[in-house]
Visitor: 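The structure's right below; bear with me while I get my questions together.
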Amino acid sequence: HVDGREACTPPPRVPSLPIGPHPLTPLPPPGLAPGSLELPSLGSVGHFDGRCKPCAFAHAGRCENGPACAFCHLCGPEERKRRRRARLEATRARRSGGACLQVRPR
């Protein structure tokens with residue numbers, strides 16, 4: 001007790017989170033540096049294996065994360081939309097029991 005008041009106890013220490021790329025983002029292959037033409041962002045690592053997620057802001061010039069971005073900067077500007085459409089079509093086909101309509105060429 002100090003001056004009739006209880007001493008203040010400091011709040012419990014919370015461990016800090018590591019600063020850097022997202023923990024689920026794969027590390028770049030040896031020899032490739034994030035920010036290079038071959039690897040413009042950390043999220044571009046899985047691009048050639050089809051395991052990347054396109055950055056919605058890279059092609060608009062608005063990605064603020066640059067080389068540290070967890071999303072792919074190698075995918076084209078329409079890739080995000082193309083993948084979304086493919087996912088929706090697959091979901092619709094699953095819901096309709098696998099039967100999907102295909103247009104036959106004439």
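Hydrogens, waters and symmetry mates are skipped; everything else that's a heavy atom, side chains included, is used.
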Visitor: Could you tell me whether a side-chain N or O of S41 sits under 3.5 Å from a main-chain N or O of A68, the two making a donor and an acceptor?
Guide: no

Visitor: I need the R80 CZ to K53 NZ distance, nearest 0.5 Å.
Guide: 11.0 Å

Visitor: Determine whether C75 and C55 satisfy the following criterion, side chain to side chain contact (heavy atoms under 4.5 Å, CB included), listing intermediate values before the conclusion.
Guide: CA-CA 8 Å; C75 288; C55 180; over 6 Å; no

Visitor: From K81 NZ over to R84 CZ, what is the distance, rounded to the nearest 0.5 angstrom?
Guide: 9.5 Å

Visitor: So, for S44 and H73, which heavy atoms are closest and what is the spacing to 0.1 Å?
Guide: OG-N, 3.0 Å

Visitor: Taking C-beta and beyond as the side chain, do L74 and P40 meet within less than 4.5 Å on heavy atoms?
Guide: yes

Visitor: How far does CG of N65 sit from CZ of F71, to the nearest 0.5 angstrom?
Guide: 9.0 Å

Visitor: Salt-bridge test for E79 and R83: reply yes if a basic N is under 4.0 Å from a carboxylate O, no otherwise.
Guide: yes

Visitor: Does the S36 side chain pair with the main chain of L39, one donor and one acceptor, at a distance under 3.5 Å?
Guide: yes

